[in-house]
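Have a look at the structure below before the remarks.
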Protein chains: 2
Amino acid sequence: MLEAAERLHYVPSALAQRFARRKSGNLGVILPLVPKVRLFSTYYFSEILSGVGEEAGRHGYDLLLMFRKPDEKREYAMLFRTQKVDALIVLGSRDEPDERQALAELWRDGYPFCLVNQRFDEEPFPAVDADHESGSFQVVRHLAGQGCRRIAFVNGPLVYSNSADRLAGYRRALEASGLPFDPKRIYAGNYSRKSGLELAASIADAMRRGEVDGIFAGNDRMAIGIMQGLREFGLEAGADYALAGCDDSEGARMTDPQLTTLSVPFDRMGKLAARRLLAADETTWDTPILKLPVELIVRASTERFGSSSTTD
Amino acid sequence: MLEAAERLHYVPSALAQRFARRKSGNLGVILPLVPKVRLFSTYYFSEILSGVGEEAGRHGYDLLLMFRKPDEKREYAMLFRTQKVDALIVLGSRDEPDERQALAELWRDGYPFCLVNQRFDEEPFPAVDADHESGSFQVVRHLAGQGCRRIAFVNGPLVYSNSADRLAGYRRALEASGLPFDPKRIYAGNYSRKSGLELAASIADAMRRGEVDGIFAGNDRMAIGIMQGLREFGLEAGADYALAGCDDSEGARMTDPQLTTLSVPFDRMGKLAARRLLAADETTWDTPILKLPVELIVRASTERFGSSSTTD
DNA sequence: GTGAAAGCGCTAACAC
DNA sequence: GTGTTAGCGCTTTCAC
């Protein structure tokens, strides 16, 4: 009777449901907010977020987005204590004392969380990562295959595990190619285009001295900055030197020559992280750290180089 | 007494608080999800989202992110009825029957919401927009000032009010410059780089026939596609023709030549939309539609053009 | 199975 | 002011 009247317009209050069930129904996502200074590619986060959102939706969860201010102390566990989230995905995490401690607290108290594209090797923190080590290996091997003998590596900050991973892959690839490893050929950027641009001067010097003939940059943005910077010195990617980036972001197809890069399955990483946290049956919890493969995308910035130079 | 014991570890449950207060404490944000086909610049949304997030945080609100699948019906009002959100920001809205209806329902039932970068002129829907009309006017005037006499306009779909706005600004600027308006010089893209790339062939034709010597594209991505496509035909932006985009996205500084474009204050737009919805005292509710100014950013893609060609 | 009742952990309204 | 109590609108349990 009342049912009939109700059925017409009745909508249960999610607020009351969640309260009664003592479940927020929210999957929290932490994003680093770097206002006005875009160290991170928005591409990277958009992709991950799409994956997370899709999977969260499939499981009936809503996405609660939290921006982490650079200075602000990380009270990740508080999100669980206040019951704002049932599970948490942390993006753009860095290996720093504050961060480790906040994550350790989550782990100690048994709150379900997952890192994406970042690992803490000595810690048991669950993570979905990409195989940046083998990706870097591939790309540096490719550079060597194109005739490069002195391959420089422009890395980002080592607080990101993927920076260390790429460095390892770079070294291993040099070895496998019978090329010497020289710390002089490692340049420190910060993943911004600007940092690539600024490093160009000293890279150009090195190239002039014959000490660099190929460059692998830790992301596309730095690679693009390098390409632009070296152009100022009359040096063209794909002709005077080979250049590769990482991420296969939109920018990689916007430059001329287009950029050889590594395609990282960010959306799938986000999806997997969410599934790990939200799926009851599906078992991905056996290994704490999941690594997805990365794919080499060859474009013109490394293409024609091989034909001209093997001038050691 | 108990207080002492409590004070040490007690954390109130946001879930219970919100239930008791009958307020979700959430500001909903609707994002269009276009999986694998990135019609929208992620730049655009990241900027708005940052602004929204910052302001929401200042007011103690959390961000609830909802991806709108392309097909799925829009049940915006349901978000309020289920008490999932206290206010709603809608991004990437399009002027289509479904969308209008969903928004009209919000309006009819008095739910607080706000559109960003989209208007519905005949409807009373609150919105924070940018002045794309005057922005386009500026950029087309600039092109004319650089010596262009036959300025083409590559527009996006008219379901977005900003597309219509740019068209209006384009026409007005032609008039003000004493240049004829010719519908033949209007090209229909879809805001993707690919669409710009594909339009390049017919634009190149028109340029060969002397019917186009400058191009204004509705966003940077299309402009970049056009630049790349025309290069295939041996035509260089900033030398053979002038080219301008819109958004001042990261890509605009990645091309060579760098792209003249319009800087749109996306983050401030997001911030204002949030403030409008969340601030009690601060009064921005007098005008239903707020328009923020847009700024012309001159770069090399339109720079050197003026010196060479005034060959009508 | 169907229906009544006791919470969930707060807020707010009311007494004192 | 401080302390008490009645909800908030569901879920879940327990009796029928």
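A, B, ... follow the sequence lines: proteins, then strands. Residue 1 opens every chain.
- What separates CZ of B/Arg18 from P of C/dA12 is a distance of 14 Å, to the nearest Å.
- A salt bridge links A/Glu123 with A/Arg100; the closest basic N to acidic carboxylate O contact falls under 4.0 Å.
- Distance A/Arg81 CZ to C/dC10 C1': 19 Å, rounded to the nearest Å.
- Side-chain contact between A/Asn155 and A/Tyr191: present, with at least one pair of heavy atoms (C-beta onward) separated by less than 4.5 Å.
- Looking at B/Lys291 and B/Glu133, no side-chain N of the basic residue comes within less than 4.0 Å of a carboxylate O on the acidic one, giving no salt bridge.
- The backbone N or O of A/Ser24 sits less than 3.5 Å from a side-chain atom of A/Arg18, completing a donor-acceptor pair.
- Residues A/Glu55 and A/Arg275 are paired through a salt bridge, judged by an N-O separation under 4.0 Å between the basic side chain and the carboxylate.
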Practice problem: Quick one, give me the B/S/- string for nucleotides 9-15 of chain D, reading 5' to 3', where B means a protein heavy atom under 4.0 Å from the base and S means that only happens at the primed atoms, P, OP1 or OP2. | Solution: BBS----
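- The nearest whole Å value for the distance from the NZ atom in B/Lys23 to the C1' atom in C/dC10 is 16 Å.
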